[in-house]
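Remarks on the structure that follows.
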Amino acid sequence: MCGIVGYIGHREAYPIVLKGLQRLEYRGYDSAGIALYDGKDLNLCKTKGKVADLKTLLEKEISTSGKLGIGHTRWATHGVPNDVNSHPHYSNSGNLVIIHNGIIENYDSLKKELIKRGYTFQSDTDTEVLVNLIEDVMTNENIKLGKAVQLALNQVIGAYAIAVFDKNKPNEIVVAKLGSPLAIGIGEGEFFIASDASPFIEFTDNAIYLEDHEMAIVRLDKDIKIRKIEDDSLVNPYIQKLQLNLEQIEKGGYPHFMLKEIYEQPLAIKDTYRGRLLADEGIIKMAGIEDNMKRFLNADRIIIVACGTSWHAGLVAEYIFEDLARIPVEVEYASEFRYRNPVITEKDIVISISQSGETADTLAAIKLAKSKGAFVFGVCNVVGSSIARETDAGAYTHAGPEIGVASTKAFTTQITVLTLIALRLARAKGTMSSSDYRRHLHELELIPEKVTEALKADKHIQAISELYKDSRNMLYLGRGYNFPVALEGALKLKEISYIHAEGYPAAEMKHGPIALIDENMPVIIIATKKGHYDKVVSNIQEIKARKGKIIGIVTEGDVNVRELADHVIEVPETLENLSPLLTTIPLQLLSYHIAVLLGKNVDQPRNLAKSVTVE
Ligand code: G6P
């Protein structure tokens, strides 16, 4: 969590750092701050609140000039969100200034030591401890900043992406990384530092992504030197060509990123299967699978690890892998998996799913699985992310940047990739007939058009949202492939409208949730034609008998549910195992409209962050 940005070069740093922070607000937005060096003085401004609040305050309070600057947008871990705990943090002398994304776990013992040595602290943060530790090492050993950072970090337990500079040596910024992401953009006589490449995409497409345990001294007059923090050994920098473009990270006329991303799904799904799905030839090509086909065919089982929405995509994948490829699948919350001494063997394949590729628990689960000899396959959206690098092989979703905190296109593109994998394995294992396989390929190719159709219900969904926006609870039900969609629908509503919602398998309703149903309880029930339709219709009868308000997600032309439900929202017909790609669309729109009508901050819901890089 938290976003960090830095600039050193020939341009004014402030606009670059400010814009960069706005682009990184998805990583946390409870407070923000910027430090600028104007050639003479170090000016710092920080505040509780969003980057927009910082901008107003900063432009009133300090000079915005200077060609060296760092900035931070925070998601609080140590210390409540307030002005003092916001970053950047000064060292006691006022010479060093730091920004940090991560957690220093042993900060308390380090802090006690520093207090004994006369250091004082203004904030409750672990970061202020780190900057003073660096200063302490620097003065005691009489060494330069880079060396001091290295020695200090060797005393630290935890995770960090840091940028620190010394106002007495304003031609360099020292950066280091362990567990949290850090990219260095390389321009002509200028450098950019950021949690991801979005802050500098209009200036350069050359970037270095630091690996864990690496640090760099970013100096104006020299080439970048990257070193291992543990032993000071030099690492060859790998300069990557970025593929991101500016348009992808702007709203493009939509009022919110979430709505833009919902509407991008037809294209995002197409981008996911482009070049991989050759329906007419009956071919699925995925290098990560082909290169490891033997392992997949010999696997005893697949264990899927993920968090949040990605975990829901994993649940959909469980149905599809077992159904089509007949491989046993277990789906685990990464945060539980990593701490419960799971039984993993070399014949297991672990598939980790993550939009950001940075989720701390998912990363830790991968490391655990690898240490036990399992083969780990990653399904990620962010190219070059930590999970993409940590896994043995993988497949990108190619959904483009997802900025709205509530995940939408990441979910449908994850399901698309996982469906391609299941189909490819089913073909290789011979668990599907050739005609059924081809039918699936052709139908998958039609999904983007059908998503476009499903999006046409937007106005109708907005009208339904108006009727239910003041509900205190909502129940989401689905069966089979659409049970995980019900979970995801409920999560979307909770995340952005703060209305309590629960997702349940429709048949389980009788074992508890039915007690909640009365005339005030809206029940969103997915009742598409092929998914145990008759059984779901019986569930609808049971809800109706208890006066619940029924919103049915149905297949185009449905008659039975329409008669029973208060409202229906239609989606085009498709194969049952592809139906989550369509049924999820109205649920995304419903949560979006309810949150907008309630005046909530759709793209930046309270307490959440897009990328959870702390456990
Ligand atoms: C956070 C986000 C969710 C996301 C989850 C997992 O909670 O708010 O939208 O599903 O993390 O993130 P990942 O990047 O690993 O998919």
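As the structure lists them, so they are numbered: ligands from 1, and atoms in each ligand from 1.
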How would you list, by chain and number, every residue that makes a salt bridge (Lys or Arg N to Asp or Glu O under 4.0 Å) with Lys285, sequence neighbours excluded? none
Residues in salt bridge (Lys or Arg N to Asp or Glu O under 4.0 Å) contact with Glu332, at least two apart in sequence or another chain: Arg340
Quick one: is the NZ or CZ of Arg74 closer than 6.0 Å to the six-membered ring centre of Tyr29, and within 45° of its axis? no
Please table the atom pairs, donor to acceptor, closer than 3.5 Å between any side-chain atom in residues 395-405 and protein atoms at least two apart or in another chain.
from   : atom 1 : to     : atom 2 : distance (Å)
Tyr396 : OH     : Gly384 : N      : 2.9
Thr397 : OG1    : Cys380 : O      : 3.4
Thr397 : OG1    : Asn381 : OD1    : 2.9
Glu402 : OE1    : Ser407 : OG     : 2.9
Glu402 : OE1    : Lys610 : NZ     : 2.6
Glu402 : OE2    : Ser407 : OG     : 3.4
Glu402 : OE2    : Thr408 : N      : 2.8
Glu402 : OE2    : Lys409 : N      : 3.2
Glu402 : OE2    : Ala410 : N      : 2.9

Does ligand 1 have any N/O pairs with the protein under 3.5 Å, and how far apart?
from     : atom 1 : to     : atom 2 : distance (Å)
ligand 1 : 8 (O)  : Ala609 : O      : 3.0
ligand 1 : 9 (O)  : Val405 : O      : 3.2
ligand 1 : 10 (O) : Thr309 : N      : 2.9
ligand 1 : 12 (O) : Thr359 : OG1    : 3.3
ligand 1 : 14 (O) : Ser354 : OG     : 3.3
ligand 1 : 14 (O) : Gln355 : N      : 3.4
ligand 1 : 14 (O) : Ser356 : N      : 2.7
ligand 1 : 14 (O) : Ser356 : OG     : 2.6
ligand 1 : 14 (O) : Thr359 : OG1    : 3.4
ligand 1 : 15 (O) : Ser354 : OG     : 2.6
ligand 1 : 15 (O) : Thr359 : OG1    : 2.4
ligand 1 : 16 (O) : Ser310 : OG     : 2.5
ligand 1 : 16 (O) : Gln355 : N      : 2.7

Using the ring of each side chain (for Trp, its six-membered ring), is Tyr481 parallel, tilted or perpendicular to Tyr319, with breaks at 30° and 60°? tilted
Parallel, tilted or perpendicular: ring planes of His72 versus His87, cut at 30 and 60 degrees: parallel
